[in-house]
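Notes for the one structure printed next.
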Amino acid sequence: MGLRVETAKIDHEIKVGAGLSLNEWANLVHPQNDGYVTVATKNAAGKWTEKSYPSGVWMQKLVRHKDLSCYVSVNSFFIPKRNNSNARQINAFYVDLDYYKEYLSQEDVLAAIDFLVETERLPEPTMIIDSGRGLYAIWLIESVPAKFKTVQKLYSYIEKYLIDVLKDYGSDPQASDVARVLKVPSTYHHVTGKMVKVLSYNEKHYTMRFMQQWFNDSEMTDYDAEKINKRKVSKQSKKGQLKRLYNLYSLAVARGNDLIQLCEMRCYEMSGHRNTLLHIFAYQMFLVHNNYHIVRSKVVELNNKFKNPISTPDLIAVVKTCLGAYESHREDITKGYNYRNDTIIKKLAITLDEQRQLKTIIGKDEKYNRNNNRRKALRREDGLTARERAKMDVKDKVQELKEKGLKQSEIVEKLGISLSTVKRNWK
(Lines give C-alpha, C1' and ligand atoms only; values in the text may rest on other atoms or scores of the structure.)
Protein backbone atom coordinates (compact mmCIF):
# COMPACT_ATOMS: atom_id res chain seq x y z
CA MET A 1 0.00 0.00 0.00
CA GLY A 2 1.53 3.34 -0.97
CA LEU A 3 0.74 6.85 -2.05
CA ARG A 4 -0.78 5.92 -5.38
CA VAL A 5 -3.63 3.87 -3.88
CA GLU A 6 -5.00 6.81 -1.89
CA THR A 7 -6.57 9.31 -4.27
CA ALA A 8 -9.21 10.92 -2.04
CA LYS A 9 -8.43 14.59 -1.45
CA ILE A 10 -7.75 15.81 2.08
CA ASP A 11 -9.75 18.77 3.33
CA HIS A 12 -7.04 21.34 3.89
CA GLU A 13 -9.31 23.38 6.16
CA ILE A 14 -9.67 20.52 8.65
CA LYS A 15 -8.53 21.48 12.14
CA VAL A 16 -5.30 19.79 13.22
CA GLY A 17 -5.23 21.11 16.81
CA ALA A 18 -4.24 24.30 18.66
CA GLY A 19 -6.70 26.24 16.47
CA LEU A 20 -4.75 25.53 13.25
CA SER A 21 -6.09 24.16 9.99
CA LEU A 22 -4.00 21.77 7.91
CA ASN A 23 -3.46 24.53 5.37
CA GLU A 24 -2.24 26.95 8.07
CA TRP A 25 0.10 24.32 9.52
CA ALA A 26 1.56 23.59 6.06
CA ASN A 27 2.16 27.27 5.34
CA LEU A 28 3.91 27.67 8.68
CA VAL A 29 6.24 24.73 8.07
CA HIS A 30 6.95 25.62 4.43
CA PRO A 31 6.59 29.40 4.05
CA GLN A 32 8.91 29.57 1.02
CA ASN A 33 7.21 28.67 -2.26
CA ASP A 34 10.27 27.19 -3.96
CA GLY A 35 12.19 23.93 -4.14
CA TYR A 36 10.82 20.45 -3.54
CA VAL A 37 9.07 18.90 -0.55
CA THR A 38 9.08 15.15 0.15
CA VAL A 39 5.89 13.30 1.04
CA ALA A 40 6.17 9.69 2.29
CA THR A 41 4.05 6.90 3.70
CA LYS A 42 4.65 3.77 5.75
CA ASN A 43 2.18 0.92 6.13
CA ALA A 44 1.68 -1.71 8.84
CA ALA A 45 3.99 -4.11 7.00
CA GLY A 46 6.79 -1.55 7.17
CA LYS A 47 6.74 -0.68 3.46
CA TRP A 48 8.13 2.79 2.88
CA THR A 49 7.15 4.92 -0.13
CA GLU A 50 8.27 8.48 -0.81
CA LYS A 51 8.32 11.04 -3.58
CA SER A 52 9.32 14.70 -3.81
CA TYR A 53 7.02 17.32 -5.32
CA PRO A 54 7.29 21.04 -6.20
CA SER A 55 6.48 23.21 -3.21
CA GLY A 56 3.25 24.41 -4.79
CA VAL A 57 1.65 20.96 -5.12
CA TRP A 58 2.95 18.79 -2.27
CA MET A 59 -0.13 19.37 -0.12
CA GLN A 60 -2.31 17.69 -2.74
CA LYS A 61 -0.23 14.52 -2.30
CA LEU A 62 -0.87 14.02 1.40
CA VAL A 63 -2.60 10.78 2.41
CA ARG A 64 -5.03 10.07 5.23
CA HIS A 65 -5.66 6.40 5.98
CA LYS A 66 -5.69 4.56 9.32
CA ASP A 67 -3.33 1.89 8.00
CA LEU A 68 -0.76 4.42 6.80
CA SER A 69 1.54 6.94 8.42
CA CYS A 70 2.00 10.04 6.25
CA TYR A 71 5.20 12.12 6.52
CA VAL A 72 6.49 15.37 5.08
CA SER A 73 9.97 16.91 5.09
CA VAL A 74 10.21 20.03 7.24
CA ASN A 75 12.97 21.45 5.05
CA SER A 76 13.00 21.70 1.25
CA PHE A 77 15.38 20.48 -1.49
CA PHE A 78 16.90 21.80 -4.73
CA ILE A 79 15.93 18.71 -6.74
CA PRO A 80 13.26 16.02 -6.19
CA LYS A 81 15.61 13.83 -4.16
CA ARG A 82 15.66 13.87 -0.35
CA ASN A 83 19.14 14.00 1.15
CA ASN A 84 21.29 16.46 3.09
CA SER A 85 23.40 17.51 0.11
CA ASN A 86 20.27 18.64 -1.79
CA ALA A 87 18.85 20.73 1.08
CA ARG A 88 17.60 24.14 -0.11
CA GLN A 89 15.74 25.95 2.68
CA ILE A 90 16.00 25.25 6.42
CA ASN A 91 12.68 26.07 8.05
CA ALA A 92 12.76 24.38 11.43
CA PHE A 93 14.57 22.49 14.15
CA TYR A 94 12.87 19.52 15.75
CA VAL A 95 13.23 16.76 18.32
CA ASP A 96 11.51 13.38 18.09
CA LEU A 97 10.51 12.29 21.62
CA ASP A 98 9.90 8.56 22.05
CA TYR A 99 8.98 9.04 25.71
CA TYR A 100 7.28 5.63 25.95
CA LYS A 101 10.73 4.02 25.67
CA GLU A 102 11.73 5.87 28.83
CA TYR A 103 8.70 4.69 30.86
CA LEU A 104 7.24 8.20 30.93
CA SER A 105 3.76 9.49 30.15
CA GLN A 106 2.94 12.28 27.74
CA GLU A 107 1.98 14.44 30.72
CA ASP A 108 5.42 13.84 32.26
CA VAL A 109 7.19 15.08 29.13
CA LEU A 110 4.96 18.10 28.54
CA ALA A 111 5.53 19.15 32.13
CA ALA A 112 9.28 18.60 31.73
CA ILE A 113 9.37 20.80 28.61
CA ASP A 114 7.50 23.55 30.48
CA PHE A 115 10.01 23.21 33.32
CA LEU A 116 13.03 23.41 30.99
CA VAL A 117 11.58 26.46 29.24
CA GLU A 118 10.68 28.19 32.50
CA THR A 119 14.18 27.64 33.87
CA GLU A 120 15.73 28.88 30.61
CA ARG A 121 17.39 25.62 29.68
CA LEU A 122 15.43 25.33 26.43
CA PRO A 123 13.81 27.77 23.97
CA GLU A 124 10.05 27.36 23.90
CA PRO A 125 8.99 25.08 21.03
CA THR A 126 6.84 26.74 18.39
CA MET A 127 4.78 23.57 18.17
CA ILE A 128 4.41 20.33 20.06
CA ILE A 129 2.82 17.56 18.01
CA ASP A 130 1.34 14.28 19.21
CA SER A 131 2.63 11.81 16.63
CA GLY A 132 0.14 9.12 17.62
CA ARG A 133 2.72 7.34 19.75
CA GLY A 134 5.33 9.90 20.81
CA LEU A 135 5.82 13.66 20.48
CA TYR A 136 7.57 16.09 18.15
CA ALA A 137 8.85 19.43 19.40
CA ILE A 138 9.38 21.90 16.54
CA TRP A 139 11.13 25.28 16.57
CA LEU A 140 10.22 27.25 13.43
CA ILE A 141 12.86 29.71 12.21
CA GLU A 142 13.15 32.33 9.52
CA SER A 143 14.13 30.27 6.48
CA VAL A 144 17.85 30.21 5.68
CA PRO A 145 19.63 28.76 2.62
CA ALA A 146 21.06 25.32 3.34
CA LYS A 147 23.51 25.13 0.45
CA PHE A 148 26.50 26.21 2.58
CA LYS A 149 28.30 23.52 4.55
CA THR A 150 28.83 25.88 7.48
CA VAL A 151 25.06 26.40 7.75
CA GLN A 152 24.36 22.67 7.77
CA LYS A 153 27.15 22.13 10.29
CA LEU A 154 25.64 24.74 12.60
CA TYR A 155 22.20 23.19 12.08
CA SER A 156 23.61 19.84 13.17
CA TYR A 157 25.19 21.31 16.29
CA ILE A 158 21.97 23.03 17.36
CA GLU A 159 19.94 19.88 16.66
CA LYS A 160 22.27 17.81 18.82
CA TYR A 161 22.12 20.39 21.60
CA LEU A 162 18.31 20.25 21.65
CA ILE A 163 18.40 16.45 21.61
CA ASP A 164 20.92 16.42 24.44
CA VAL A 165 18.79 18.71 26.64
CA LEU A 166 15.81 16.38 26.13
CA LYS A 167 17.70 13.07 26.26
CA ASP A 168 16.08 12.03 29.55
CA TYR A 169 12.65 12.27 27.92
CA GLY A 170 13.18 9.98 24.95
CA SER A 171 14.80 12.24 22.35
CA ASP A 172 15.98 10.23 19.34
CA PRO A 173 19.69 10.97 18.67
CA GLN A 174 19.37 9.47 15.17
CA ALA A 175 16.66 11.95 14.14
CA SER A 176 18.83 15.03 13.67
CA ASP A 177 19.58 15.44 9.95
CA VAL A 178 18.29 18.31 7.86
CA ALA A 179 16.46 15.94 5.47
CA ARG A 180 14.27 14.32 8.13
CA VAL A 181 10.52 13.80 7.56
CA LEU A 182 7.89 14.12 10.29
CA LYS A 183 4.31 12.87 10.55
CA VAL A 184 1.59 15.16 9.21
CA PRO A 185 -1.14 16.43 11.58
CA SER A 186 -4.64 15.12 10.79
CA THR A 187 -3.17 11.87 9.38
CA TYR A 188 -2.76 8.62 11.33
CA HIS A 189 -0.09 6.51 12.99
CA HIS A 190 -0.01 3.21 11.06
CA VAL A 191 0.57 1.11 14.24
CA THR A 192 -1.64 2.76 16.89
CA GLY A 193 -4.32 4.08 14.54
CA LYS A 194 -4.30 7.36 16.48
CA MET A 195 -4.56 10.68 14.70
CA VAL A 196 -1.55 12.98 14.64
CA LYS A 197 -2.47 16.37 16.11
CA VAL A 198 -0.92 19.67 17.16
CA LEU A 199 -1.02 19.98 20.96
CA SER A 200 0.33 23.53 21.19
CA TYR A 201 1.29 26.42 18.94
CA ASN A 202 2.65 29.72 20.25
CA GLU A 203 3.35 31.75 17.05
CA LYS A 204 7.04 32.12 17.96
CA HIS A 205 9.49 32.07 15.05
CA TYR A 206 13.20 32.21 15.79
CA THR A 207 16.38 32.90 13.85
CA MET A 208 19.33 30.58 13.37
CA ARG A 209 21.44 33.04 15.35
CA PHE A 210 19.01 33.02 18.27
CA MET A 211 19.06 29.23 18.41
CA GLN A 212 22.85 29.27 18.31
CA GLN A 213 22.99 31.44 21.43
CA TRP A 214 21.61 28.60 23.54
CA PHE A 215 24.99 26.92 23.70
CA ASN A 216 28.62 27.97 23.65
CA ASP A 217 30.34 27.68 20.26
CA SER A 218 33.47 26.41 21.98
CA GLU A 219 31.46 23.43 23.22
CA MET A 220 30.20 22.32 19.79
CA THR A 221 32.45 19.28 19.74
CA ASP A 222 30.83 18.08 22.96
CA TYR A 223 27.58 17.31 21.14
CA ASP A 224 28.69 14.33 19.06
CA ALA A 225 25.87 11.83 18.61
CA GLU A 226 27.88 8.94 20.01
CA LYS A 227 28.32 10.85 23.26
CA ILE A 228 24.60 11.14 23.88
CA ASN A 229 23.69 8.86 26.76
CA LYS A 230 21.80 5.79 25.51
CA ARG A 231 21.57 3.95 28.82
CA LYS A 232 18.47 1.94 29.62
CA VAL A 233 16.85 2.61 32.96
CA SER A 234 13.97 1.12 34.88
CA LYS A 235 10.60 2.78 35.22
CA GLN A 236 11.26 3.44 38.90
CA SER A 237 14.62 5.14 38.37
CA LYS A 238 13.33 7.24 35.46
CA LYS A 239 10.38 8.47 37.49
CA GLY A 240 12.74 9.16 40.39
CA GLN A 241 15.06 11.17 38.17
CA LEU A 242 12.19 13.31 36.91
CA LYS A 243 10.90 13.79 40.45
CA ARG A 244 14.34 14.88 41.71
CA LEU A 245 14.57 17.42 38.88
CA TYR A 246 11.29 19.05 39.87
CA ASN A 247 11.99 18.82 43.60
CA LEU A 248 15.31 20.63 43.21
CA TYR A 249 13.66 23.44 41.27
CA SER A 250 10.56 23.78 43.46
CA LEU A 251 12.67 23.68 46.63
CA ALA A 252 14.90 26.49 45.32
CA VAL A 253 11.83 28.59 44.43
CA ALA A 254 10.31 28.06 47.88
CA ARG A 255 13.60 28.79 49.65
CA GLY A 256 14.11 31.98 47.66
CA ASN A 257 10.63 33.16 48.65
CA ASP A 258 11.27 32.22 52.27
CA LEU A 259 14.51 34.22 52.35
CA ILE A 260 12.68 37.30 51.04
CA GLN A 261 9.94 36.70 53.63
CA LEU A 262 12.57 36.49 56.36
CA CYS A 263 14.03 39.84 55.27
CA GLU A 264 10.55 41.39 55.37
CA MET A 265 9.91 40.02 58.87
CA ARG A 266 13.16 41.58 60.04
CA CYS A 267 12.37 44.85 58.21
CA TYR A 268 15.49 44.30 56.07
CA GLU A 269 17.72 44.68 59.11
CA MET A 270 20.07 41.72 58.60
CA SER A 271 23.10 42.78 60.62
CA GLY A 272 25.44 39.83 61.10
CA HIS A 273 23.57 37.70 58.55
CA ARG A 274 23.32 39.93 55.47
CA ASN A 275 26.22 38.48 53.46
CA THR A 276 25.31 34.89 54.32
CA LEU A 277 21.69 35.44 53.29
CA LEU A 278 22.71 37.01 49.97
CA HIS A 279 25.07 34.10 49.35
CA ILE A 280 22.35 31.50 50.00
CA PHE A 281 19.78 33.52 48.03
CA ALA A 282 22.07 33.87 44.99
CA TYR A 283 22.68 30.13 44.82
CA GLN A 284 18.95 29.35 45.03
CA MET A 285 18.35 31.80 42.17
CA PHE A 286 20.95 29.99 40.01
CA LEU A 287 19.05 26.74 40.61
CA VAL A 288 15.86 28.48 39.48
CA HIS A 289 16.98 30.67 36.58
CA ASN A 290 20.23 29.15 35.29
CA ASN A 291 21.26 32.62 34.07
CA TYR A 292 23.99 34.88 35.50
CA HIS A 293 22.39 38.18 34.46
CA ILE A 294 18.96 37.31 35.88
CA VAL A 295 20.49 36.13 39.16
CA ARG A 296 22.63 39.22 39.48
CA SER A 297 19.57 41.40 38.93
CA LYS A 298 17.59 39.49 41.59
CA VAL A 299 20.40 39.76 44.15
CA VAL A 300 20.94 43.47 43.44
CA GLU A 301 17.21 44.09 43.91
CA LEU A 302 17.22 42.34 47.29
CA ASN A 303 20.45 44.00 48.44
CA ASN A 304 19.09 47.47 47.65
CA LYS A 305 16.26 46.92 50.15
CA PHE A 306 18.62 46.33 53.08
CA LYS A 307 19.08 49.15 55.56
CA ASN A 308 22.80 48.59 55.16
CA PRO A 309 23.44 47.08 51.68
CA ILE A 310 26.84 45.71 50.72
CA SER A 311 28.98 47.41 48.07
CA THR A 312 28.59 46.59 44.38
CA PRO A 313 32.04 44.93 44.03
CA ASP A 314 31.33 42.71 47.06
CA LEU A 315 27.89 41.86 45.68
CA ILE A 316 29.31 40.85 42.29
CA ALA A 317 31.90 38.70 44.08
CA VAL A 318 29.11 36.86 45.91
CA VAL A 319 27.22 36.19 42.67
CA LYS A 320 30.35 34.97 40.85
CA THR A 321 31.25 32.67 43.73
CA CYS A 322 27.77 31.13 43.61
CA LEU A 323 28.01 30.84 39.82
CA GLY A 324 31.19 28.76 40.16
CA ALA A 325 29.52 26.51 42.74
CA TYR A 326 26.43 26.16 40.54
CA GLU A 327 28.50 25.16 37.50
CA SER A 328 30.23 22.51 39.61
CA HIS A 329 26.80 21.29 40.72
CA ARG A 330 25.66 20.94 37.11
CA GLU A 331 28.63 18.67 36.38
CA ASP A 332 28.23 16.66 39.58
CA ILE A 333 25.02 16.92 41.61
CA THR A 334 26.92 16.11 44.82
CA LYS A 335 28.96 19.32 44.45
CA GLY A 336 27.93 22.93 44.96
CA TYR A 337 26.16 24.41 47.97
CA ASN A 338 23.71 21.67 48.90
CA TYR A 339 22.31 23.41 51.97
CA ARG A 340 20.25 21.55 54.53
CA ASN A 341 17.40 23.35 56.29
CA ASP A 342 19.04 23.04 59.69
CA THR A 343 22.22 24.59 58.23
CA ILE A 344 20.32 27.60 56.85
CA ILE A 345 18.42 27.99 60.12
CA LYS A 346 21.65 27.98 62.10
CA LYS A 347 23.53 30.34 59.75
CA LEU A 348 20.70 32.89 59.72
CA ALA A 349 19.60 32.32 63.35
CA ILE A 350 15.98 31.75 62.28
CA THR A 351 13.78 31.47 65.36
CA LEU A 352 10.90 29.03 65.81
CA ASP A 353 8.42 31.92 65.62
CA GLU A 354 9.97 32.97 62.27
CA GLN A 355 9.87 29.39 60.96
CA ARG A 356 6.10 29.30 61.56
CA GLN A 357 5.74 32.02 58.91
CA LEU A 358 7.98 30.31 56.36
CA LYS A 359 7.01 27.67 53.84
CA THR A 360 10.00 25.35 53.62
CA ILE A 361 12.96 26.59 55.72
CA ILE A 362 11.76 24.89 58.90
CA GLY A 363 13.34 22.68 61.54
CA LYS A 364 12.26 19.24 62.74
CA ASP A 365 10.04 20.58 65.53
CA GLU A 366 8.06 22.84 63.21
CA LYS A 367 7.83 20.06 60.59
CA TYR A 368 6.50 17.71 63.26
CA ASN A 369 3.90 20.26 64.39
CA ARG A 370 2.70 20.86 60.81
CA ASN A 371 2.42 17.16 60.02
CA ASN A 372 0.55 16.53 63.26
CA ASN A 373 -1.88 19.39 62.60
CA ARG A 374 -2.40 18.20 59.03
CA ARG A 375 -3.25 14.68 60.16
CA LYS A 376 -5.67 15.98 62.78
CA ALA A 377 -7.37 18.21 60.23
CA LEU A 378 -7.75 15.33 57.80
CA ARG A 379 -9.21 13.14 60.54
CA ARG A 380 -11.80 15.79 61.42
CA GLU A 381 -12.79 16.21 57.75
CA ASP A 382 -13.12 12.48 57.09
CA GLY A 383 -15.93 11.87 59.60
CA LEU A 384 -14.40 8.61 60.86
CA THR A 385 -16.16 6.07 63.06
CA ALA A 386 -14.85 5.49 66.58
CA ARG A 387 -12.97 2.36 65.45
CA GLU A 388 -11.53 4.11 62.40
CA ARG A 389 -10.51 7.06 64.56
CA ALA A 390 -8.78 4.72 67.02
CA LYS A 391 -6.80 3.16 64.17
CA MET A 392 -5.91 6.59 62.88
CA ASP A 393 -4.77 7.63 66.34
CA VAL A 394 -2.40 4.67 66.46
CA LYS A 395 -1.10 5.53 63.03
CA ASP A 396 -0.58 9.17 64.07
CA LYS A 397 1.33 8.14 67.18
CA VAL A 398 3.55 5.77 65.19
CA GLN A 399 4.28 8.51 62.67
CA GLU A 400 4.97 11.07 65.38
CA LEU A 401 7.48 8.81 67.14
CA LYS A 402 9.04 7.81 63.83
CA GLU A 403 9.57 11.48 62.96
CA LYS A 404 11.25 11.93 66.33
CA GLY A 405 13.77 9.28 65.36
CA LEU A 406 12.54 6.29 67.37
CA LYS A 407 13.11 2.80 66.00
CA GLN A 408 10.28 0.31 65.51
CA SER A 409 11.27 -1.72 68.57
CA GLU A 410 11.30 1.44 70.70
CA ILE A 411 7.83 2.41 69.46
CA VAL A 412 6.52 -1.07 70.36
CA GLU A 413 7.78 -0.62 73.91
CA LYS A 414 6.57 2.99 74.26
CA LEU A 415 3.04 2.45 72.91
CA GLY A 416 2.56 -1.12 74.11
CA ILE A 417 1.46 -2.38 70.70
CA SER A 418 2.67 -5.27 68.55
CA LEU A 419 5.56 -5.05 66.09
CA SER A 420 3.20 -6.01 63.23
CA THR A 421 0.98 -3.01 64.09
CA VAL A 422 3.97 -0.71 64.02
CA LYS A 423 5.13 -2.10 60.67
CA ARG A 424 1.63 -1.74 59.22
CA ASN A 425 1.54 1.95 60.14
CA TRP A 426 5.21 2.70 59.43
CA LYS A 427 4.81 4.19 55.93
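The analysis underlying the following values was restricted to heavy atoms, covering all of them including side chains, and did not include hydrogens, waters or symmetry mates. Note that this is a predicted model, so its numbers are computed, not measured.
Side-chain contact check for Q106 and D130: at least one donor-acceptor pair (N or O, by modelled atom type) lies under 3.5 Å. Between the side chains of E50 and W48, a donor-acceptor pair is found at a separation under 3.5 Å. When only modelled atom types and interatomic distance are considered, E124 and N202 share a side-chain donor-acceptor pair under 3.5 Å.
Side-chain contact between E269 and F306 is absent, with no heavy atoms from C-beta onward closer than 4.5 Å. When side chains are defined from C-beta on, L287 counts as touching Y326, because their heavy atoms get closer than 4.5 Å. Side-chain contact between V39 and K51 is absent, with no heavy atoms from C-beta onward closer than 4.5 Å. With a 4.5 Å cut-off on side-chain heavy atoms, R356 and D353 count as touching. You'll find the side chain of S186 stays beyond 4.5 Å of the side chain of K197, heavy atoms only. In this structure, the side chains of Y100 and L104 stay at 4.5 Å or more apart for every pair of heavy atoms. Inter-residue side-chain proximity for T343 and R340 is flagged as met; some heavy-atom pair is nearer than 4.5 Å. Looking at L348 and I361, their side chains never come closer than 4.5 Å, going by heavy atoms from C-beta outward.
Y94 and Y155 have tilted rings, their planes meeting at an angle from 30° to 60° on a 0 to 90° scale. Between Y283 and Y339, the ring planes lie perpendicular to each other; the angle is over 60°, past the 30° to 60° tilted range.
Between W139 and H205, the distance from one ring center to the other does not fall under 6.0 angstrom.
Although no hydrogens or angles enter the test, the distance criterion places a donor-acceptor pair under 3.5 Å between the side chain of S73 and the main chain of T38. In this structure, Q152 contributes its side chain and N84 its backbone to a donor-acceptor pair below 3.5 Å. At least one donor-acceptor pair closer than 3.5 Å links the side chain of T192 to the backbone N or O of G132. Under the 3.5 Å distance criterion, the side-chain polar atoms of T187 are left unmatched by any main-chain donor or acceptor of K183.
Residues K101 and D98 are paired through a salt bridge, judged by an N-O separation under 4.0 Å between the basic side chain and the carboxylate. Between R266 and E354 there is a salt bridge, since at least one side-chain N of the basic residue sits less than 4.0 Å from a carboxylate O of the acidic one.
Looking at residues two or more places apart in sequence or on another chain, you find no side chain to side chain donor-acceptor pair (under 3.5 Å) involving T312.
Judged by a 6.0 Å distance limit and a 45° cone about the ring axis, R88 is not positioned over the six-membered ring of Y36.
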Subject >> Residues S143, N91; criterion side-chain hydrogen bond (donor to acceptor under 3.5 Å, both in side chains); working and verdict >> reply: CA-CA 5 Å; S143 300; N91 302 316; 2.6 Å; yes

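Rounded to the nearest 0.5 angstrom, T126 OG1 and L28 CG are separated by 9.0 Å.
Closest non-hydrogen pair, I350 versus Q355, comes out as O-NE2, 3.4 Å.
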